[in-house]
Each structure stands twice: as C-alpha cells, then as structure tokens.
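Would you mind keeping the following structure in view while I ask a few things?
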Amino acid sequence: MSEVGETALPAPLTVLLLARSAITAPPLKEMERLRDALAMHPGVDEALFAFSEQGSPSLRHALDTLTASGCGRLVILPMLIPAEPNFQAWLTRTLTRWRSRDERPWPAIEVAALLPNEASLVSLLHAALAAERTELSLGAAKASPEGSLVPAQKRRVLVCMGGPCNVAGAEVIWGHFRNEQDRLSLRTSGDGCMSAKTSCLGPCNLAPVVQVWPEGTYYGGVDEAAVDRIIAEHVLGNTPVANLAYEPTGKKQFLRAREA
Ligand code: FES
C-alpha cells in the first residue's frame, strides 16, 4: 500500500542510493535501512546503495553487478548535502570512462535531483529542529593528554585532489585505493603502506595523479586498473610500474596512450 505523497513509478526500475563514503558499521546500517525503505516504493523493482569514494560497494562495483544481472533501467539518487553543482558532470564523465571499456549492454541511467528545490531542504531542517534532541554529555576534560603511536609504515601513497585531478576522477581513484588498502591489509603488509589525499602534486596535465613514496614515483592518467597494478607491483612488489610511471625529465610530458 502506498504512503501518502508517494507516486507510483511508470515501470519497474532499479534505484541506486549514492553516498560519498562510509567506513564504519553505523552509517552502513543507515544505508541499509534507507535502501530497504526505498525498496518498498511502488514501482521500485530493486533498491541498493553504493559509495562514490570510500566504502563498499563502490559505485563501480554496483554498476558492474547491475550490468551483469541485465538491469535495464537505473535511477541514481545522489545523497550529497549540500548539493554539488558539478556532481552530474562528474558522474557523466566517470560513467562515460567506465562505459568506454565495457562492451556489455548497460542499463539506461537517469539521475534524480538530490532535493527538488531549496524549500525541501529547508523543510527537512525545520523538521529536524522540531524533532526530539539529545543533550550532549561532555564530561570532564582529561587530566593528561593522550599519547600517539608513530606509524611504522614506510610507504605513502598520495592521491592528488587538486582541481584538475578532481575533474579527472580523483575521488573514484581515492575510493578504490582505500577499499583495496582495507581489503588487502596494506597497512600491515610488506613495508606497510599509508595513504593520504593531497593538494596539487605538480603535473596537472597528467591527471589523475598519484605519487608513491619513498621513491616519489609519479603516476599519471591513473584509473582503477592502474591502481591495482601499482598496489601489486609497487606497493607490495617494491618495483615501480614503468609503463604507468612518469619520471622527471626536465621537459613537458603528455599522457601516454595506455595499452588495452
Ligand atoms: S591537480 Fe593534481 S597534479 Fe595538479
């Protein structure tokens, strides 16, 4: 039975809730609850969620699964507050890149407006203000400062988040690397590897750029497949990936075409 205000959708479709990141259990549970609620909406055949940065499943993985299952029509519901004006352009670029390397038939993909207009967001804020609130119990300040361990990890992977790298898909690269870092326990494997987002690393025209230390090797035009090779060969194998790396030459360099 439909709730008041729900509108039946014209044909069965799959709905994908897209959030930025979640790495702990409570927000994942929240996503599950939202997914289950959405699955009850009339006309929704299937509901699922994914993350555009760190979190599992990634957007790439969710799309891969849906394409493999023959999904014909997909609506992406972005959960990004505040709304980002460039989100749709970013999503289009990212999906176009993935699609260009995937010969399977893809579903028709639509994107819903995060919130139809500002009034909807304002009424949500009003409702939150009117709802029950929790007073924070702050307790007493600690008498002595807490200490910190100095990390023993020798490797650092820097993922550039400067403007050109962001436009070229750095968020997805960061999310994929962090998911693999967790999956493969890279912090405690080999020499141990930590990772960080950075501002511009320099060679913007080679975006998206990743740099691996202690060698300081630059990688340009990085995609998920390149991340996988960098992890296997450089981070774990201690050998920089020569055909993905860009060595300092003192001259301007251009992105090289990648072998299929
Ligand atoms: S913005 Fe990434 S290298 Fe400049």
Side-chain angles (χ1 to χ4, degrees), residues 18-21 23 50-55 58-61 78 80 82-101 151 153-182 184 186-187 191-259:
L18 180 64
R20 194 179 296 288
S21 9
I23 50 175
F51 299 98
S52 62
E53 286 193 36
Q54 191 179 0
S58 65
L59 174 60
R60 180 71 186 266
H61 179 79
L80 306 171
E84 294 180 12
N86 292 332
F87 170 77
Q88 201 158 317
W90 169 84
L91 185 64
T92 304
R93 269 196 313 275
T94 301
L95 299 189
T96 300
R97 183 165 60 83
W98 292 342
R99 177 71 185 85
S100 69
R101 296 171 195 166
Q153 288 86 354
K154 294 202 171 75
R155 285 210 173 278
R156 295 288 182 281
V157 172
L158 306 182
V159 178
C160 180
M161 289 292 177
C165 285
N166 249 321
V167 168
E171 281 184 2
V172 173
I173 300 308
W174 170 254
H176 183 63
F177 181 81
R178 294 285 286 193
N179 287 337
E180 289 299 279
Q181 185 175 21
D182 282 346
L184 299 168
L186 295 183
R187 287 178 189 81
D191 285 341
C193 176
M194 296 178 75
S195 55
K197 293 178 177 179
T198 71
S199 54
C200 178
L201 287 169
C204 308
N205 289 324
L206 306 182
V209 171
V210 166
Q211 192 178 28
V212 178
W213 289 93
E215 296 85 355
T217 308
Y218 278 103
Y219 292 103
V222 175
D223 59 11
E224 295 89 338
V227 167
D228 293 343
R229 285 194 61 196
I230 291 166
I231 290 173
E233 297 173 37
H234 193 164
V235 174
L236 293 174
N238 293 321
T239 306
V241 189
N243 64 352
L244 299 179
Y246 289 79
E247 298 297 335
T249 61
K251 293 182 181 159
K252 283 193 174 180
Q253 298 188 56
F254 300 86
L255 271 181
R256 300 185 296 263
R258 293 261 300 278
E259 303 117 46

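As the structure lists them, so they are numbered: ligands from 1, and atoms in each ligand from 1.
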Legend entry - Neighbouring protein N, O or S atoms of atom 4 (Fe) of ligand 1, below 2.8 Å: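 For atom 4 (Fe) of ligand 1, protein nitrogen, oxygen or sulfur atoms under 2.8 Å: 2.
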
Legend entry - Pairing residues for Y219 by the side-chain hydrogen bond (donor to acceptor under 3.5 Å, both in side chains) criterion, not counting sequence neighbours: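 Per chain and number, Y219 pairs via side-chain hydrogen bond (donor to acceptor under 3.5 Å, both in side chains) with H234.
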
Inset, instruction - Using a strict cut-off of less than 4.0 Å between a Lys/Arg side-chain nitrogen and an Asp/Glu carboxylate oxygen, indicate whether R20 and E171 qualify as a salt bridge. - result: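 A salt bridge is present here (some side-chain N lies under 4.0 Å from a carboxylate O).
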
Legend entry - CG on L80 to OG on S52, rounded to 0.5 Å: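 Reported to 0.5 Å precision, the distance equals 6.5 Å.
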
Legend entry - Ion pair check, R229 and E224, cut-off under 4.0 Å: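 No, this pair does not count.
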
Legend entry - Between R156 and S195: side-chain donor-acceptor atoms closer than 3.5 Å: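 There is no such pair between these side chains.
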
Legend entry - Shortest non-hydrogen separation from L158 to W213 and the atoms involved: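 Looking at all heavy atoms of both residues, the closest pair is CD1-NE1, 3.6 Å.
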
